[in-house]
Amino acid sequence: MTSMSRARVARRIAAGAAYGGGGVGLAGAAAVGLVLAEVQLARRRVGNGTSPHVPHADGLYGRTYAGPAAAPLRLTMLGDSTAAGQGVHRGGQTPGALLASGLAALAERPVELRTVATPGACSDDLDRQVALVLADPDPLPDICVIMVGANDVTHRMPPTRSVRHLASAVRRLRTAGAEVVVGTCPDLGTIEPVRQPLRWLARRASRQLAAAQTIGVVEQGGRTVSLGDLLGPEFAENPRELFGPDSYHPSAEGYATAAMAVLPSVCASLGLWPAEEERPDASRREGFLPVARAAAEAASEAGTEVAAAMPSGPRGPWALLKRRRRRRVPEQEPAPASPSN
């Protein structure tokens with residue numbers, strides 16, 4: 001599918017989400033029976049040998065930066081098993097821990113991590129997760145990172161419904177004063193146990209949903225980072241290194257790759273990224289685009305950020321597309337939890 005075709009589909013899905021329209025099918029009706037059979041086979045194969053355990057990672061990172069003038073930044077992870085870190089054994093290997101460590105190092109401030117992401121969650125669980133965040137008596141988070149979408153595809157949730165729930169979550173968090181960065185739906189067409197034709201259909205559905213998610217998020221004041229190719233070519237070429245034991249959830253190295261892609265956008269949303277890198281670089285094909293076109297391009301290239309840029313024009317809202325440089329983030333175990341945690 002071309003970038004322009006994906007942009008048209010993404011606009012239709014996002015419009016349906018915004019105005020309460022019905023579902024827009026991501027695969028032809030004639031293929032549904034075959035897809036369901038392949039999904040059931042893949043589900044039986046994916047997950048063999050894996051543990052549902054998610055290591056505890058919540059706590060204070062960058063404790064060496066603590067002091068009277070350095071109140072902790074608050075980072076909250078929402079979404080599914082990818083946001084929670086399922087598939088690794090230590091808390092310091094989860095994406096939340098890696099992001100907290102990297103943010104602490106770059107901000108030179110401690111970072112308090114909280115995770116409400118739930119393995120197996122679809123986008124409709126974000127309503128519950130956001131309610132938990134907003135009901136917390138502690139101060140609201142400075143930055144929320146959401147990773148969601150894979151289960152929406154495998155559970156065949158209508159994409160308009162998926163985007164509607166995500167956009168609502170972003171709107172509620174932004175209204176409360178938190179910055180929001182969303183890692184969009186990864187490319188499910190590269191999961192080892194998935195065979196053709198489901199592989200092709202999964203890739204197509206994943207990228208269409210990722211583009212539609214971007215439109216919905218940017219319109220609510222959030223930023224998105226494409227995770228598509230992080231579960232794409234890199235994972236396909238190095239499945240034993242970048243996938244965990246179940247060939248579905250990322251390994252520690254895979255989560256580190258994802259964290260490196262998201263960290264620059266997290267820092268930029270908090271005003272911590274170098275000012276010279278905030279200007280679009282034409283040599284890296286960065287610039288201002290209609291949001292649907294930016295969303296479609298980002299869905300095809302991992303690590304691409306899309307953020308709102310200027311008021312709407314004849315072709316709808318505009319966005320800034322950035323291909324940020326990745327920086328290695330340190331792995332760090334969380335500090336021992338305080339009795340109040």
Side-chain angles (χ1 to χ4, degrees), residues 23 26 35-58 76-91 93-97 99 113-133 144-170 173 182-194 198 201-202 205-206 209-210 212-213 227-228 230-231 235 242-252 254-255 258-259 262:
L26 295 182
V35 169
L36 288 176
E38 288 286 343
V39 166
Q40 294 303 320
L41 177 61
R43 282 179 179 169
R44 285 196 296 270
R45 297 178 65 191
V46 171
N48 289 339
T50 188
S51 168
H53 171 71
V54 176
H56 179 77
D58 289 6
T76 298
M77 301 293 295
L78 304 92
D80 56 23
S81 57
T82 305
Q86 185 173 359
V88 295
H89 301 292
R90 292 188 291 148
Q93 297 172 325
T94 64
L99 286 171
L113 172 66
R114 183 189 181 197
T115 303
V116 297
T118 304
C122 293
S123 293
D124 55 4
D125 191 55
L126 291 175
D127 299 343
R128 180 189 64 83
Q129 294 182 24
V130 171
L132 289 175
V133 173
C144 293
V145 174
I146 304 174
M147 296 181 179
V148 75
N151 295 318
D152 299 45
V153 174
T154 60
H155 289 75
R156 300 178 64 240
M157 177 182 287
T160 50
R161 180 183 171 199
S162 174
V163 173
R164 188 179 303 125
H165 283 290
L166 175 59
S168 173
V170 174
L173 292 169
V182 175
T184 55
C185 181
D187 185 350
L188 299 181
T190 55
I191 297 172
E192 274 198 314
V194 178
L198 180 58
L201 291 167
S206 302
L209 179 57
Q213 285 178 318
L227 299 182
L230 296 178
L231 292 178
F235 279 29
L242 290 173
F243 278 115
D246 60 358
S247 297
Y248 184 84
H249 294 102
S251 65
Y255 280 130
V262 174

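Residues: numbered from 1 along the sequence shown. Owing to the predicted nature of the structure, the values given are computational and were not obtained by experimental measurement.
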Show the nearest heavy-atom pair for residues [X] and [Y], with the distance to one decimal.
X      : Y      : value
Ala117 : Pro119 : O-CD, 4.2 Å
Ala150 : Asp80  : N-OD2, 4.1 Å
Thr94  : Ala84  : CG2-O, 3.9 Å
Gly85  : Val54  : C-CG1, 4.3 Å
Gly91  : Ala97  : O-CB, 3.1 Å
Met157 : Ser123 : CE-N, 4.4 Å

Validation row: [X], [Y] side chains within 4.5 angstrom (heavy atoms):
X      : Y      : answer
Val148 : Leu166 : yes
Leu99  : Met77  : yes
Tyr255 : Val88  : yes
Cys185 : Val153 : yes
Gln93  : Pro55  : no
Val163 : Leu209 : yes
Arg161 : Asp124 : yes

Could you work out, with side-chain hydrogen bond (donor to acceptor under 3.5 Å, both in side chains) as the rule, every residue matching Thr76, not counting sequence neighbours? none
Taking side-chain hydrogen bond (donor to acceptor under 3.5 Å, both in side chains) as the definition, give me every residue that meets it alongside Asp125, ordered by chain and number, with sequence neighbours left out. Arg128, Gln129
Nearest 0.5 Å please: distance from the [atom1] atom of [X] over to the [atom2] atom of [Y].
X      : Y      : atom1 : atom2 : value
Ser81  : Met147 : OG    : CE    : 11.0 Å
Cys144 : Leu78  : SG    : CG    : 5.5 Å
Asp58  : Arg114 : CG    : CZ    : 8.0 Å

Check: Ala121 main-chain N/O paired with Asn151 side-chain donor or acceptor under 3.5 Å: yes
Result for side-chain contact (heavy atoms from CB on, under 4.5 Å) between Val182 and one of Val262, Leu227, Val145, Ile146 points to Ile146
